[in-house]
Number of protein chains: 2
Amino acid sequence: MKRPTLEVVAARAGVSKSSVSRVVNGETTVAPEIRDVVMQAVRELGYVPNAAARNLVTRRTDAVAVVVSDPPKGVVSDDPLFSTVVRTVSRELEAVGRRVVLILAESDESRARVERYVAGGHVDGVMLVALHGADPLPAALARMGLPVASFNRTAATDVPYVALDNAGGAELAVRHLLERGRRRIATITGPLDLYESRERLEGYRATLRDTGRRSIVALGDFTRVSGAEAMRQLLEDDPDVDAVFAANDLMAIGALRTLHQAGRRVPDDVAVVGFDDIEAAAYTTPALTSVRSSMADQATATVRLLLALIEGGPRKPVIMPNELVVRESS
Amino acid sequence: MKRPTLEVVAARAGVSKSSVSRVVNGETTVAPEIRDVVMQAVRELGYVPNAAARNLVTRRTDAVAVVVSDPPKGVVSDDPLFSTVVRTVSRELEAVGRRVVLILAESDESRARVERYVAGGHVDGVMLVALHGADPLPAALARMGLPVASFNRTAATDVPYVALDNAGGAELAVRHLLERGRRRIATITGPLDLYESRERLEGYRATLRDTGRRSIVALGDFTRVSGAEAMRQLLEDDPDVDAVFAANDLMAIGALRTLHQAGRRVPDDVAVVGFDDIEAAAYTTPALTSVRSSMADQATATVRLLLALIEGGPRKPVIMPNELVVRESS
DNA sequence: CACCCCTCAGGGAGCGCTCCCTCATCCTTT
DNA sequence: AAAGGATGAGGGAGCGCTCCCTGAGGGGTG
């Protein structure tokens with residue numbers, strides 16, 4: 001069951017190790033006949049280069065770490081962000097022949113492990129996902145000089161990122177509700193240690209402020225449960241609320257549930273708008289109006305950014321646009 | 001920015017490379033004072049062993065490939081199976097100090113890449129997820145002698161797996177509907193090239209058969225869209241249908257949507273039962289009755305199985321139990 | 001025709017680590 | 001007290017690969 005080495009292939013092909021190496025690595029300075037005989041031997045022996053040996057000398061790994069830094073927060077296991085991002089990223093990296101090493105950094109301990117791992121030079125670059133503002137990881141990674149790109153903005157200003165136009169999206173949502181004639185427009189925020197949450201909240205506030213209306217804010221943490229809870233709070237605090245902008249769809253879904261239980265009709269009594277336009281948004285009752293932000297596109301852009309960084313490209317952030325998808329809930 | 005090597009650490013500590021190696025690898029045959037002085041040097045220099053070099057000689061990688069073999073099937077990006085499994089597996093492997101190399105095998109081409117990759121000895125074992133019955137990958141991987149464990153049963157009989165009691169779960173669902181007095185119980189199946197789909201269908205059929213009732217079957221593919229479509233079909237084929245057992249929750253959610261649009265009340269006119277009890281099941285309107293099968297537990301069991309396999313454990317399958325969670329939809 | 005240059009194959013050092021083997025030291029045992 | 005055994009440190013080969021360097025051979029130029 002021993003795998004053939006370069007040397008064995010060379011012997012079989014009757015050429016030197018160097019030539020085989022050149023052929024395998026696609027160098028052009030090889031005579032066609034040597035090329036052919038080597039390829040033949042490679043095929044016959046089922047030769048696969050040993051990545052460890054190669055990595056040992058080249059210092060390149062062809063691997064990228066995808067670090068999902070995020071507290072486990074209970075059972076939010078079907079968080080669509082996670083699968084969309086991981087899936088897209090994996091697909092995109094696969095296409096350029098790079099491996100994905102997935103790392104969940106849920107505790108300080110595992111965060112330390114990530115640092116050690118990355119410091120060990122096992123990967124060519126790191127993509128960061130879902131960090132709260134205070135997370136020390138981005139800065140720590142950036143400090144070790146390895147290419148790092150972040151999905152969403154982080155507190156570490158020197159880490160290039162790809163983010164949405166969050167404030168713009170929130171403005172879209174709120175303007176839409178105003179146009180529908182809503183007067184008491186509340187919001188359910190995401191965790192405020194996340195930039196996106198803060199920006200969405202700020203967009204909501206700014207838009208209302210322009211019309212002289214006051215903000216009605218309840219705090220959530222991007223989970224369905226928190227959305228349901230926040231909606232209950234909102235109903236209690238201000239029974240006349242007639243519209244809600246939830247900072248993501250999961251929370252909007254939670255809010256929908258609370259409204260249903262409380263006997264409020266959507267959109268007749270209360271209009272609801274979410275953010276992200278996840279697939280489930282089209283399957284709620286009533287179907288959810290949402291700010292569409294293609295997480296997949298954002299993920300792709302982040303991968304591209306990281307790859308560019310690895311090639312020595314410029315470290316500049318990217319902002320993705322978004323649009324409003326109007327459905328039954330508003 | 002050059003990383004220190006074993007040799008440098010040895011020099012600093014005033015001992016031999018061998019001793020440093022022993023300390024770093026936690027061998028016990030080292031005098032405490034040498035241990036201490038080495039640890040000190042390691043700390044001071046921030047030494048992290050080079051995995052490539054280590055792997056080159058030991059042939060161990062401490063990495064496990066998680067292969068998600070699955071056609072891209074459009075936008076089913078928030079498939080809860082994916083995130084739950086990947087997340088759980090990652091967490092579990094992290095805990096035992098192993099890396100996760102995530103590979104999406106969506107095309108024949110990438111499947112070939114997986115084979116080559118695994119053949120290259122880059123990982124100590126492979127965990128397979130979500131394969132359709134005809135997938136040649138499991139057999140191919142098993143053939144190369146590497147430990148392989150599958151999340152769910154596959155066609156390759158020699159690949160150990162962890163599966164649910166699918167037929168039993170279906171029976172639970174159907175019996176429950178019968179007890180509720182339903183007479184025309186239909187089912188929406190998953191893709192029939194999946195064992196789980198076939199087993200759930202078989203469980204449904206067998207249970208109905210025992211009561212002398214006939215089966216009413218519509219085909220789905222585990223997505224919301226397909227559930228909605230199948231429900232439409234069912235309504236058309238048999239307008240008197242008064243209960244539906246969907247082979248997973250996502251399709252049940254799709255069915256709920258169709259029923260809502262068709263003006264049928266749930267559960268009054270039609271009762272709906274899903275399978276998996278994903279988080280979203282509690283957030284539908286009405287909340288979904290579902291067969292609970294902890295995907296997380298199943299994923300954990302699969303990891304354990306794989307780790308045992310790597311240690312040379314026995315190759316025997318594991319079957320997980322399930323229970324019915326009754327909510328408003330039935 | 002002689003010389004030089006260019007192209008391209010082969011030789012071999014060395015990447016950082018492990019692990020086998022040797023050997024020094026100290027403790028036991030008779 | 002001498003010899004054998006246990007313990008544990010050090011030396012060094014070698015894992016499979018890349019890449020620099022050397023040098024052979026062929027073609028072009030004056």
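Note on naming: letters A, B, ... go to the chains in the order of the sequence lines (proteins, then strands), and numbering restarts at 1 for each one. Worth saying up front: this structure is predicted, and the values here are computed from it rather than measured.
In summary, A:Arg315 and A:Asp158 do not engage in a salt bridge, as defined by a charged side-chain N under 4.0 Å from a carboxylate O. Using a cut-off of 4.0 Å between Lys/Arg side-chain N and Asp/Glu carboxylate O, A:Asp62 and A:Arg54 are scored as not salt-bridged.
Judged by distance alone, with hydrogens and angles left aside, the side-chain atoms of A:Ser83 form no donor-acceptor pair with the main-chain N or O of B:Ser83 at under 3.5 Å. A donor-acceptor pair under 3.5 Å is formed between the side chain of A:Ser110 and the backbone N or O of A:Ser107.
The side chain of B:Val15 has D:dG10 as its nearest neighbour among D:dT18, D:dG10, C:dT18. When each of D:dT18, D:dG10, D:dG16 is scored by its nearest atom to the side-chain atoms of A:Asn50, the top-ranked nucleotide is D:dG16. Of the candidates D:dA9, C:dT18, C:dG14, C:dG14 carries the atom nearest the A:Val57 side chain, counting heavy atoms from C-beta on.
Rounded to an integer number of Å, the gap from A:Arg59 CZ to C:dG14 P is 15 Å. One can place CZ of B:Arg54 at 18 Å from P of D:dG16, the figure rounded to the nearest angstrom. Between the CZ atom of B:Arg35 and the P atom of D:dA9 there is a distance of 11 Å, rounded to whole Å. One interatomic measurement links the two molecules: CG of A:Leu6 to P of C:dA9, which rounds to 15 Å at whole-angstrom precision. If you measure from atom CD1 of A:Ile34 to atom C1' of C:dG10, you get 10 Å, rounded to the nearest angstrom. Following rounding to the nearest Å, A:Glu27 (CD) and C:dC8 (P) show an atom-to-atom distance of 12 Å. Taking atom CG of residue A:Leu56 and atom C1' of nucleotide C:dG16, one finds them 5 Å apart after rounding to whole Å. Rounded to a whole Å, the CD atom of B:Glu7 is 11 Å from the C1' atom of D:dG11.
Residue contacts for B:Arg22: at a heavy-atom cut-off of 4.0 Å it reaches a base atom on one of the strands shown. Heavy atoms of B:Arg60 sit under 4.0 angstrom from primed sugar atoms or phosphate atoms, though from no base atom. Within the nucleic acid shown, B:Ser19 comes within 4.0 Å of sugar-phosphate atoms alone, with no base atom in reach, counting heavy atoms only. Using a 4.0 Å heavy-atom distance criterion, A:Asn55 is classed as making no nucleic acid contact. Within 4.0 Å of B:Ser18, counting heavy atoms only, lies at least one base atom of the nucleic acid.
The side-chain tip of B:Arg87 points at the ring of A:Phe82 from less than 6.0 angstrom away and within 45° of straight on.
For the OP1/OP2 pair of C:dT18 and a distance below 4.0 Å, the side-chain nitrogens and oxygens of B:Ser21 include at least one atom meeting the criterion. Contact annotation: B:Ser16 reaches the phosphate of D:dG10 (side-chain N/O to OP1 or OP2, under 4.0 Å). Not one side-chain nitrogen or oxygen of B:Thr58 sits closer than 4.0 Å to the OP1 or OP2 atom of C:dT18.
Taking the nucleotide of DNA chain D with the nearest heavy atom to each of A:Asn25 and B:Gly14, the more 5' of the two is matched to B:Gly14.
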